[in-house]
Amino acid sequence: MDEANKQYFIQILTKYRLGEATQEEIKFLESYYNLFDLNDDLITEENEADYLYLKDAIKATVDERIVQLEKEPVTMPSRSGWIRYAVAASIMLFISVGAYLFIRSSHKANNFAANPYKRIVPGTNKATLTLANGTTISLDDAANGQIAKQAGVKITKTADGQIVYQADATGQDQAVQNTVATPKGGQYKVILPDGTNVWLNASSSISYPTVFKGAERMVTLNGEGYFEVAKNKAMPFRVKSALQTIEVLGTHFNINAYADEAVVKTTLLEGSVKVISETSSTLIVPGEQAVINRQGNGVISKQQVNLDAEVAWKNGVFSFADEDIREVMRQVSRWYDIDVVYEGDMPTEKFFGEISRSSNLADVFKILELNNMKFTVEGKTVTVSYSK
């Protein structure tokens, strides 16, 4: 407890002694004086001995301090005797708070040991970079600075964790393929050699040349990625993903092309995009989404969408909108790196809502449980069931 807080407690104690304390201040003092007894849930068979020991230690420490204060010269007004006891009480309060935190910590530790969610944490920034020669570099483990050099191109990891490509004269004449991939429970931002920014969601990858040459800038995406493409009218930017190729000059868009999703979705936020499938093509404008059903023979449909919801993942949010439990759990599975199994029939109801992707998995499930869903966690496997 710092000096300012000690003085604050002394002031309240003095007011209490003089009958000048407000009801709020009296309740404040009483809550601290009875700190242990007001938290019976903290006391378990495992820590009861610690609890009793700490209470005895508090009393002994306060008694000892009062004796010391009584021996000290008094240079304060007549109510200084109360001040001495107030100081002692503030010491008791300090020790009590420390003891409370100790027992609370122990209590949480005991709960944590029995918590099936303890090994399941939200995703973080992590990815691997695979060079043309097959060498794989863990980007989250690599130190800042130069991490590789190949075919005349220097690859550097910046202080904020991004990778940057710098080609010398030799590198400008030859290009080799690199791939950045995120695992389940990972995400990563990549700056491509042309300055294009790409955010990769969990279980995603992007392959690209170390130098863009020729008439186009072609990359390949698996999973989900958000693109902010550097403008270059002389060299269109193209993204090849499942069932489609996206062609742009300079724009912001999101592609969701996970292999386990029924549709491939391209959402445009800025600029213009041409979506090309094996059998058709279409242009979309900001606010529109192109959708290709994996069972639809390349047919492209368009729809208006909520842009914030479509790119919520990039901004650290789960946004569920008209999605069934299996669609929801695919997102959860990728981000928390869990395996999901289903027990019995699943509901047809759709889920709506938002929650931070930094939330504990238990908090995510609490929302879903409002719709009669049940989740059983064992290791990294979650069993989902439904009760009407």
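Just the heavy atoms: all of them, side chains too, but no hydrogens, waters or symmetry mates, feed the values below. Here, residue 1 is the first one in the sequence, and each next residue gets the next number.
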Looking only at atom types and distance, does a side-chain atom of [X] sit under 3.5 Å from a main-chain N or O of [Y], one as donor and one as acceptor?
X: Thr128; Y: Ile137; value: no
X: Thr156; Y: Gly145; value: no
X: Thr279; Y: Asn297; value: yes
X: Ser333; Y: Ile338; value: yes
X: Lys157; Y: Leu139; value: yes
X: Glu288; Y: Val285; value: yes
X: Asn360; Y: Asp363; value: no
X: Arg357; Y: Trp335; value: no
X: Ser205; Y: Ala181; value: no
X: Asn232; Y: Ala234; value: yes

Exercise. Should Val264 and Val305 be counted in the same cluster of Ile, Leu, Val, Met, Phe, Trp and Tyr side chains packed under 4.5 Å apart?
Worked result: no
Using a strict cut-off of less than 4.0 Å between a Lys/Arg side-chain nitrogen and an Asp/Glu carboxylate oxygen, indicate whether [X] and [Y] qualify as a salt bridge.
X: Arg334; Y: Glu261; answer: yes
X: Lys184; Y: Asp339; answer: yes
X: Asp194; Y: Arg217; answer: yes

Indicate whether any N or O donor in one side chain lies under 3.5 Å from an N or O acceptor in the other, for [X] and [Y].
X: Tyr208; Y: Tyr165; answer: yes
X: Asn254; Y: Glu224; answer: yes
X: Gln244; Y: Ser241; answer: yes
X: Asn293; Y: Gln295; answer: no
X: Thr220; Y: Ser207; answer: no
X: Asn372; Y: Glu349; answer: no

For this session: Count the heavy atoms belonging to other residues, nucleotides or ligands that lie under 6.0 Å from CG of Asp345, then report whether that count exceeds 12.
Result: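 Counting other residues, nucleotides and ligands, CG of Asp345 stays at 12 neighbours or fewer.
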Exercise. Under 6.0 Å from the six-membered ring centre of Tyr258 and within 45° of its axis: does the NZ or CZ of Arg330 meet both?
Worked result: no
Exercise. Given the rule in the side-chain hydrogen bond (donor to acceptor under 3.5 Å, both in side chains) test, do Asn371 and Tyr386 qualify, once you have shown the distances and angles that lead to the verdict?
Worked result: CA-CA 9 Å; Asn371 285 29; Tyr386 174 67; over 6 Å; no
Exercise. Apart from Val317 itself, what residues make up its hydrophobic cluster, given side-chain heavy atom links below 4.5 Å?
Worked result: none
Problem set entry | Minimum-distance pair of heavy atoms, taken over all atoms of Gly271 and Pro286 |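 Shortest heavy-atom contact: O-CD, 3.4 Å.
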Exercise. Should Val340 and Val384 be marked as a side chain to side chain contact (heavy atoms under 4.5 Å, CB included) after you check the CA-CA gap, both sets of side-chain angles, and the distance that decides it?
Worked result: CA-CA 7 Å; Val340 180; Val384 184; 3.7 Å; yes
Exercise. Checking ring-ring contact (aromatic ring centres under 6.0 Å, His included) for the pair Phe320/Phe351: CA distance, chi angles, key distance, verdict?
Worked result: CA-CA 6 Å; Phe320 306 128; Phe351 290 81; 7.7 Å; no
